[in-house]
Amino acid sequence: MHDLTKCVHHPRVSHDGFSSLAVPTYRASTIVYYDAETFFNRHQRGFDGYTYGLHGTPTTRTLEAQITELHGGVRTILVPSGQAAVTAIMLSVLLPGDKVLIPDHVYGPVRYFCRDYLKPRGIEYAVYDPLIGAGIAELIDDQTKLIWVESPGSGTMEVQDVPAIIKAAKGKGVLVGCDNTWATPLLFKPLSHGADFAVEALTKYVGGHSDLLLGSITVTDMALRQKIKLVLRDLGIGVSPDEVAMALRGLETMGVRVAHIGRISEEFAQCLLLSPVVERVLHPALPSCPGHEFWRRDFKGSTGVFSIVLKPGVEHLLGDALNGLQVFAIGASWGGTRSLIAPMAVKADRTVNAWNPEGIVLRISIGLEDSEELWSDLDGLLQKLEVIDQPLAVGVR
Ligand SMILES: *Cc1c(COP(=O)(O)O)cnc(C)c1O
């Protein structure tokens, strides 16, 4: 072999005795074949075999299998983001003339996808009250092919009666997809209630360190899996094994992270009820949270994301108060080790249930910092808002 060839051909080395706890990162575009015939027949390998890096490597298969087991599904499909998981499902089951129902509290970009992408292409959508429960049956018409649920909802945290919605949908042969990002498969398993698709933004609690973007779709029906894989193949969408390797690492610690931040978030939610500048605390574990009874019935616990509604009249103080935070960072997304706060614009995104509170909504994501330090940071922020007294607050708006 000439030197130039030696540069290109990696020597085979022994793997004997090498048994590691880490999942190797297998990268590939090309997959090579033992012989010409295998190459000619490669398409017979299907989506469980290896044909091209875009469709998976042993690293991506490992994460897929692990999420499948956690959800009690049959197959999992990985996509580049949580949003891509939602859109891949909609693109695979909806055709022009069909309709999808989405809840009014849905993760914002899902609504925009329906409005700006699906609708101009002849796919209808209708927005429903997240607390509609079995009443969803009345919204299902002949066009309706998919019902989307997200429980609790992004930002405003209403917990949906997912089992009742699924029951109504099944009665009419309609598919149900569930965005389960808040709960993770540790606290709620949509497929066990009969959902057709369980979606996770792995970006959040599975990744766990604010440094990757990935989404997953888990199904119990191989035909649905085939439909989604074909759409992804045609669109040329796959995931990076490097991101997947990081998600595999994050997943190992998810259980202890979620247990810890769930406990802290419930504690903080209770304490925040006492603040004079907090109008409402939106946390599924509080009896005042819309749908709390469904959380108690269906969920195993809490994770670390919840919201508060501030009393009106503190808006002009909020910027300085946020800028004064020492431990919390200001930012969207969540699920990492760092605690975050993000003011949310809720009103503009509501079309069915008007969002009545006048005050600003702050979304809080608890991370892994010292909890007393976190609380004093949050308390400091609220005290800066208390500078105004209540009579003034009524006048401003
Ligand atoms: C973040 C999030 C998504 C989108 O996930 P990305 O990976 O950021 O695209 C979808 N649904 C919910 C509930 C989310 O919080």
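Order of appearance sets the numbers: ligands from 1, and atoms from 1 within every ligand.
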Close-contact set for ligand 1 against Glu150 heavy atoms, below 4.0 Å: 13 (C)
The single option from Ile136, Asp196, Leu139 passing side chain to side chain contact (heavy atoms under 4.5 Å, CB included) against Ile147: Ile136
Heavy atom of the protein closest to atom 2 (C) of ligand 1 (residue, atom name, distance): Lys204 NZ, 2.4 Å
Salt bridge (charged side-chain N to carboxylate O under 4.0 Å, His left out) between Arg225 and Asp48, intermediate numbers included: CA-CA 11 Å; Arg225 186 258 198 156; Asp48 285 329; 2.7 Å; yes
Atoms in ligand 1 with a heavy atom of Gln83 nearer than 4.0 Å: 4 (C), 5 (O), 6 (P), 9 (O)
Element-labelled atoms of ligand 1 that are located less than 4.0 Å from some non-hydrogen atom of Trp334: 15 (O)
Non-hydrogen atom of Trp182 closer than 4.0 Å to ligand 1: no
Gly82 N/O to ligand 1 N/O under 3.5 Å: yes
Derivation and outcome, salt bridge (charged side-chain N to carboxylate O under 4.0 Å, His left out), residues Asp104 and Arg111: CA-CA 9 Å; Asp104 210 10; Arg111 178 190 295 259; 2.6 Å; yes
His71 side chain vs Phe197 backbone, donor-acceptor pair below 3.5 Å: no
Polar side-chain atom of Arg350 near backbone of Val346 as donor-acceptor pair, under 3.5 Å: no
Donor-acceptor pair, side chain of Lys170 and main chain of Ile166, under 3.5 angstrom: no
For Ser154, the ligand 1 atoms whose distance to one of its heavy atoms is below 4.0 Å: 13 (C)
Protein heavy-atom partner closest to atom 11 (N) of ligand 1 - residue, atom, separation in Å: Asp179 OD2, 2.6 Å
Residue, atom name and distance, where the atom is the protein heavy atom closest to atom 7 (O) of ligand 1: Thr203 OG1, 2.6 Å
Parallel, tilted or perpendicular, as decided by the 30° and 60° cut-offs, for the rings of Phe188 and Phe299: parallel
